[in-house]
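Presented below is the structure to which this report refers.
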2 protein chains.
Amino acid sequence: MPNDRLSTTFAALADPTRRAILARLTAGEATVSELAEPFEMSMPAVSKHLKVLERAGLIERGRQAQWRPCRLETAPLREIDDWLERYRRFWEASFDRLDAYLKNLQREENSSVRKK
Amino acid sequence: MPNDRLSTTFAALADPTRRAILARLTAGEATVSELAEPFEMSMPAVSKHLKVLERAGLIERGRQAQWRPCRLETAPLREIDDWLERYRRFWEASFDRLDAYLKNLQREENSSVRKK
DNA sequence: GCGATATTTAACCAAAAAGTTATTTAACGA
DNA sequence: TCGTTAAATAACTTTTTGGTTAAATATCGC
């Protein structure tokens, strides 16, 4: 919960409900009730999730009568994309991919053996 | 704190200490003490951060005598990169960038007016 | 085997996250 | 103005996070 921008953005994205809300908003604006509909949780809970997204700058809210339509704001996602840049070279070379693939295979084998 | 992979990764990245550790590891493997050195916090605290990174699959740890060298693992970052894909079209067209820029200007004007 | 070094684990604490229910605010429509 | 609908806020609870200090574990060098 540090308050620098990147931490706030990552924290906001570290919840599947909030990511689902963002995904829904790629289809266009939606009201709070519409956003809440797919989830088995109370409206105040959704309201809190929206506040987290808003404070992170991932959504903006307008006003139309008693509705507060939400829309997606991608600036913070762009910042994450920029942050990732530094790490891309570690996977973009194809030999790195192969290497990772092999390590992954190995790791999965190990863990399934352990689980037995 | 949900336990799906994306949430775990985002949560791990939502802390500046942990991101600094990852950044350090782009320069190569490092021991726990080496990683701890720049921070004003106890070793156990760093150890906990490393455990969070390890559980997220962002680092792997080896053994050399009494040292546990850590190295970067980028697979989870790749997953974030993939997740971002869906949102890229919202900022990649140049008119979107201009649009965002104008909205931003507007918002800043509004909020400074409100603050007066 | 013993002392030193590197790291983890245990036990604890304060603050924050994520949910609840009940209440309040805001705006509509008749 | 009154009832209804949409949403936010208040007050509260439980769990998680991120830190602490003190103790335990593992491995080296001798």
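In what follows, chains are A, B, ... by sequence order, proteins preceding strands, each numbered from 1.
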Over 60° means perpendicular and under 30° means parallel, so classify the ring planes of B:Phe10 and B:Trp83, tilted if in between.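 Aromatic pair B:Trp83/B:Phe10 classed perpendicular.
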
Rounded to the nearest angstrom, tell me the gap between atom [atom1] in [X] and atom [atom2] in [N].
X: A:Glu54; N: D:dT9; atom1: CD; atom2: P; value: 10 Å
X: B:Asp15; N: C:dA15; atom1: CG; atom2: P; value: 18 Å
X: B:Phe39; N: D:dG18; atom1: CZ; atom2: P; value: 14 Å
X: B:Glu40; N: D:dG19; atom1: CD; atom2: P; value: 12 Å
X: A:Arg55; N: D:dT9; atom1: CZ; atom2: P; value: 13 Å
X: B:Met43; N: C:dT5; atom1: CE; atom2: C1'; value: 10 Å
X: A:Lys48; N: C:dA17; atom1: NZ; atom2: C1'; value: 8 Å
X: A:Glu37; N: D:dT5; atom1: CD; atom2: P; value: 17 Å

Does any pair with a residue in residues 14-69 of chain A pass ring-ring contact (aromatic ring centres under 6.0 Å, His included), and if so which ones, sequence neighbours excluded?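 Every pair satisfying ring-ring contact (aromatic ring centres under 6.0 Å, His included) with a residue in residues 14-69 of chain A: there are none.
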
Same apolar cluster: A:Val52 and B:Leu6, side chain cutoff 4.5 Å: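 No: no chain of side-chain contacts under 4.5 Å links A:Val52 to B:Leu6.
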
Just to confirm, is there a sub-4.0 Å distance from OP1 or OP2 of [N] to any side-chain nitrogen or oxygen of [X]?
X: A:Ser47; N: D:dA8; result: yes
X: B:His49; N: D:dT17; result: no
X: B:Lys51; N: C:dT9; result: yes
X: A:Ser42; N: C:dT20; result: yes

Options C:dA22, C:dT8, D:dG18, nucleotide nearest the side-chain atoms of B:Arg18: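 The answer is D:dG18.
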
Of the nucleotides D:dT20, C:dT21, C:dT8, which one has an atom closest to the side chain of B:Arg61?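 Minimum distance to the B:Arg61 side chain belongs to C:dT8.
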
Any base atoms under 4.0 Å from B:Thr31, or only sugar-phosphate, or nothing? Heavy atoms, all strands.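 Sugar-phosphate, no base atom in range.
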
In plain terms, say whether A:Arg88 and A:Glu85 are close enough for a salt bridge, that is, a side-chain N and a carboxylate O under 4.0 Å apart.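 Yes.
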
Just by modelled atom types, is the A:Leu77 backbone N or O under 3.5 Å from a matching donor or acceptor in the A:Thr74 side chain?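 Checked: no pair found.
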
Under a 4.0 Å heavy-atom cut-off, which of residues 63-70 of chain A touch DNA chain D?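 A:Gln66, A:Trp67, A:Arg68 - these, ordered by number, are the residues of the stretch whose heavy atoms sit under 4.0 Å from the strand.
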
Taking all non-hydrogen atoms of both residues, which atom of A:Glu73 and which atom of A:Pro76 are closest, and how far apart?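 That closest heavy-atom pairing would be O-CD, 3.7 Å.
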
Compare every heavy atom of A:Arg86 with every heavy atom of B:Ala23, then report the nearest pair and how far apart it is.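 Scanning both residues, the minimum pair turns out to be CB-NH1, 3.6 Å.
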
